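The analysis underlying the following values was restricted to heavy atoms, covering all of them including side chains, and did not include hydrogens, waters or symmetry mates. Predicted model only: the values in this text are computed from it and were never measured.
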Amino acid sequence: MTSHHPSPAATASGEPPSAPLASRVLVLNSGSSSLKYQLLDMRDGGRLAVGLVERIGEQTSRLRHTCAATGDTREQNGPIADHHAALKAVAGELSRDGIGLDSPELAAIGHRVVHGGKFFTEPTLVDDSVLTEIERLIPVAPLHNPANLTGIRTARALRPDLPQVAVFDTAFHTTMPEYAARYAIDTKLADRYRVRRYGFHGTSHAYVSRATARLLGRAPEEANVIVLHLGNGASASAVRGGRCVDTSMGLTPLEGLVMGTRSGDLDPAVIFHLRRVGGMSMDEIDTLLNKRSGLFGLCGDNDMREIQRRIDEGDAGARLAFDIYVHRLKKYIGAYYAVLGTVDAVAFTAGVGENAAPVRAAAVEGLAGLGLAVDPGLNAVRGDEARLISPPDARVAVAVVPTDEEWEIAEQTYALVGKGV
């Protein structure tokens, strides 16, 4: 389970950090009922362990842990009461492999935090004031920030002596100019309630934009890239010279592309219409747009593999859902081409972006005038390495770049700790 990542000295982020003696970073991604984790060694970019605890708080909890050194995967099944118990169970599995939380090689724990607002623009060493600010942002990220906070507090309780670093999904997008970040509503009202476009999936967009530049043989500051992060949640970004200048998600992750269960862009008056004419409550509308819309709302499936299977069998509903999905995607490619002016590459990433060749082909079909095309043979190849799928003479490169948000979090965490902060 070694990684293809460059060593810290070879990364595109600038000078290598003055690394601490310890070289390992534990990355935690705490969801409301889950805990994903990876332990990485920043000296060689290798993964030491990967795991997931799911259904926390239920009788059917499960911990699945893989040790890289042996390749062995172990499972624990049974009730795990809360995140504290989950992290203690993870610590136990790591200890069995000789790489536990008490290891002197552990430099820091890096935490994914979904919403950092305008305040957090870079990875941040956690203290009580940071936790207070993350808590204040709960109203704009009610599904994510509480779980992220739980993970941080649990890790601090287990290792109070160890640096804890928060890495924010929104941070990469804080470079957007005000004219891209603001909605056209009353500015005083917007400021009072923090209503603006924040963007999400930032660690993925940061990682993929830099990896795409490397694939082209350029430094990040020399490349303009449109990144298409297509998973169950989906977002696009326009990255000019390594800095985000626009992104599709907004105040929440609901805006933008058609997603697995989210509607993406919508006339705001639809909400008023459903309330006044349909008699739906605000909670019902919220559930509709976030959990029962997108591909699922259109055809009853949110798995692109199943949708493709149904299309192959002649299912008209699945075909329409696919066409709506691709139409929105193509509109964003064109819009961000206009925003950037010059585009060096379009990069597909995440579950759908990395694996669904028909989506990639359809998204750039008819865009030859913009210099975009895919080679059918290259597009059909599956793999876990970054690769070009455009013809050799294409004016704009089209790439498939596997994302690695955990590596991005670990790298940012290690760089911060290495500065002696």
Side-chain angles (χ1 to χ4, degrees), residues 31-34 54 143-144 200-201 204 226-237 247-250 252-275 277-336 346 348-367 374 376 379-380 382 389 398 400 403:
S32 58
S33 62
S34 66
E54 53 190 342
L143 298 179
H144 298 95
F200 299 90
H201 296 145
S204 177
I226 297 172
V227 178
L228 304 172
H229 176 108
L230 308 179
N232 192 50
S235 60
S237 67
T247 192
S248 58
M249 286 180 167
T252 76
L254 181 59
E255 186 180 359
L257 302 174
V258 175
M259 304 176 220
T261 64
R262 298 176 212 154
S263 65
D265 290 340
L266 188 78
D267 180 351
V270 170
I271 297 169
F272 312 144
H273 180 78
L274 293 174
R275 179 74 183 94
V277 179
M280 295 177 67
S281 70
M282 295 308 294
D283 285 345
E284 288 173 330
I285 296 171
D286 189 304
T287 298
L288 170 71
L289 298 182
N290 278 290
K291 298 181 179 179
R292 302 193 60 80
S293 294
L295 292 170
F296 179 81
L298 290 167
C299 72
D301 273 310
N302 63 321
D303 188 320
M304 187 59 74
R305 294 166 296 187
E306 182 63 16
I307 290 171
Q308 192 60 56
R309 184 193 65 77
R310 288 171 55 185
I311 290 172
D312 292 342
E313 294 178 353
D315 188 309
R319 166 53 67 181
L320 179 60
F322 180 90
D323 289 345
I324 292 170
Y325 181 95
V326 168
H327 179 68
R328 184 81 55 83
L329 187 56
K330 190 173 293 191
K331 285 173 67 175
Y332 267 91
I333 293 172
Y336 287 170
V346 174
F348 290 87
T349 193
V352 175
E354 294 170 28
N355 297 297
V359 170
R360 298 191 297 258
V364 301
E365 184 179 359
L367 299 183
V374 298
N379 191 35
R382 298 180 69 90
I389 60 171
V398 180
V400 178
T403 191

Could you tell me which residues satisfy side chain to side chain contact (heavy atoms under 4.5 Å, CB included) with [X], sequence neighbours excluded, listed by chain and number?
| X | result |
| --- | --- |
| R292 | L288, F296 |
| N355 | R382 |
| D315 | R310, A318 |
| A350 | H229 |

**Asked** Run the side chain to side chain contact (heavy atoms under 4.5 Å, CB included) check on V352 and Y325 step by step: do they pass?
**Response** CA-CA 12 Å; V352 175; Y325 181 95; 3.7 Å; yes

**Request:** Give the C-alpha distance, both sets of side-chain angles, the deciding distance and a yes or no for side chain to side chain contact (heavy atoms under 4.5 Å, CB included) between M282 and I271.
**Result:** CA-CA 8 Å; M282 295 308 294; I271 297 169; 4.0 Å; yes

Could you give the distance from [atom1] ([X]) to [atom2] ([Y]), rounded to the nearest 0.5 Å?
| X | Y | atom1 | atom2 | answer |
| --- | --- | --- | --- | --- |
| H201 | L228 | NE2 | CG | 12.5 Å |
| N290 | S263 | CG | OG | 7.5 Å |
| D323 | I311 | CG | CD1 | 7.0 Å |

**Prompt:** Between L289 and V270, does a side chain to side chain contact (heavy atoms under 4.5 Å, CB included) hold up when you go through it step by step?
**Reply:** CA-CA 10 Å; L289 298 182; V270 170; 5.5 Å; no

**Contacts of type ring-ring contact (aromatic ring centres under 6.0 Å, His included), residue F200, not counting sequence neighbours** = H115

**For F322, all residues meeting ring-ring contact (aromatic ring centres under 6.0 Å, His included), sequence neighbours excluded** = none

Partner set under salt bridge (charged side-chain N to carboxylate O under 4.0 Å, His left out) for [X], not counting sequence neighbours:
| X | value |
| --- | --- |
| D265 | none |
| R275 | none |
| E354 | none |
| R309 | E306, E313 |

For [X] and [Y], which heavy atoms make the closest approach, and how far apart are they?
| X | Y | result |
| --- | --- | --- |
| V364 | V374 | CG2-CG1, 3.6 Å |
| M280 | I285 | CB-CG1, 3.8 Å |
| M304 | A356 | CG-CB, 4.2 Å |
| L257 | S248 | CG-OG, 4.3 Å |
| L298 | A321 | CB-CB, 3.8 Å |

**Request:** Taking R328 for its side chain and G256 for its backbone only, find out whether a donor-acceptor pair lies under 3.5 Å.
**Result:** yes

**Asked** Is the backbone of M249 close enough, under 3.5 Å, to the side chain of S235 for a donor and an acceptor to pair up by distance?
**Response** no

**Student check: side-chain heavy atoms of C299 and L320 closer than 4.5 Å** = no

**Request:** Would you indicate whether the side-chain heavy atoms of L230 and L329 approach each other to under 4.5 Å?
**Result:** yes

**Complete:** For S237, the side chain to side chain donor-acceptor pair (under 3.5 Å) test, sequence neighbours excluded, returns H205

**Complete:** With sequence neighbours left out, the residues meeting side chain to side chain donor-acceptor pair (under 3.5 Å) with R360 are N379

**Item:** Evaluation steps, side chain to side chain contact (heavy atoms under 4.5 Å, CB included), between N302 and N232
**Value:** CA-CA 7 Å; N302 63 321; N232 192 50; 3.1 Å; yes

